[in-house]
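Values reported hereafter were calculated over all heavy atoms of this structure, with side chains retained and with hydrogens, waters and symmetry mates removed.
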Amino acid sequence: LNYTAWYDAMAANAAAQLSIQLAPPSQLYIIDISLEDPYLDYQFDEEVAFWNNTANAAKGEFINWQLYGSMNYPPDFNVTLRDEMALNASLWDIDHLPQRVIAIRELMLAGPPVGYSQLAVFFHCTHGQDR
C-alpha cells in the first residue's frame, strides 16, 4: 500500500469533485472502511499489514465491513410477500446497513482525534475504488 500515492489520489479527488483541500498528511486522520471479502481480495492482507504497522498507526484506522448483499430481488416476489419483507428488513438485511449508517454518522460527527485538523472516511471495495 503506497500511502503517498493514496493520499495524493484522495487530495486530487477532494479538490476536483468537492472543491475541498485536504490537510497535509500529518494533520489528516483516515478511517479506511473496506467493504471487501478478505478471502477473495488479493490486496486485503497487504492493507491489514499496512494499518497494523506501528509506523502507520498514527495515520488512521482500518475497519473491515464486508458486504454480502441480498440474494433476494424484490420484483421477483408478489406484492404481499414483498410488503412483508419490507416491514421486516431483518430477514434480508444481512449487512446491517441501517446500523452501519448510524455508526458512520457518529464517526463523522466525532471528527478527527485530538492533534488532527481533518477526518477522511474512505470506503472501498475489492477494486480499490473510493466511494
Undergrad: Please determine whether the number of non-hydrogen atoms from other residues, nucleotides or ligands lying under 6.0 Å from atom CD of Q99 exceeds 12.
TA: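 Enclosed: over 12 neighbouring heavy atoms sit under 6.0 Å from CD of Q99.
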Undergrad: Answer whether the closest heavy-atom distance between the side chains of I30 and Y3 falls below 4.5 Å.
TA: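 Counting from C-beta outward, I30 and Y3 do come under 4.5 Å.
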Undergrad: Report whether I102 and V121 are members of the same hydrophobic cluster (ILVMFWY, side-chain heavy atoms less than 4.5 Å apart, transitive linking).
TA: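 They do not share one cluster, since no chain of ILVMFWY contacts under 4.5 Å joins I102 to V121.
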Undergrad: Heavy atoms only: give me the nearest L22-M10 pair and the separation to one decimal.
TA: CD1-C, 3.8 Å
Undergrad: Given side-chain contact (heavy atoms from CB on, under 4.5 Å), test N13 with L18 step by step and report yes or no.
TA: CA-CA 8 Å; N13 284 337; L18 304 170; over 6 Å; no
Undergrad: Would you call the rings of H124 and F122 parallel, tilted or perpendicular, where under 30° means parallel and over 60° means perpendicular?
TA: tilted
Undergrad: Mind jotting down which residue pairs meet the side-chain hydrogen bond (donor to acceptor under 3.5 Å, both in side chains) criterion with at least one end in residues 51-62? Sequence neighbours excluded, please.
TA: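 For residues 51-62, and leaving out neighbouring residues, the side-chain hydrogen bond (donor to acceptor under 3.5 Å, both in side chains) pairs sorted by first residue read Y29-E61, D32-W51, N56-K59.
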Undergrad: Restricting to non-hydrogen atoms, name the atom on P112 and the atom on Q118 that form the minimum distance, rounded to 0.1 Å.
TA: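 It is CB-O, 3.5 Å.
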Undergrad: Under 3.5 Å, side chain of D95 to main-chain N/O of Y68, donor-acceptor pair present?
TA: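 The answer is yes, because a donor-acceptor pair under 3.5 Å joins these two groups.
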Undergrad: Could you measure the distance from the CZ atom of R100 to the CZ atom of F123? Nearest 0.5 Å is fine.
TA: 10.5 Å
Undergrad: Would a hydrophobic clustering, with Ile, Leu, Val, Met, Phe, Trp and Tyr connected at side-chain separations under 4.5 Å, put I20 with M108?
TA: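 No; tracing contacts between hydrophobic side chains, which count when under 4.5 Å, never links both residues.
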Undergrad: So, for L107 and L119, which heavy atoms are closest and what is the spacing to 0.1 Å?
TA: O-CD2, 3.5 Å
Undergrad: If I compare all heavy atoms of S34 with all of F44, which pair ends up nearest, and what's the gap?
TA: OG-CE1, 4.1 Å
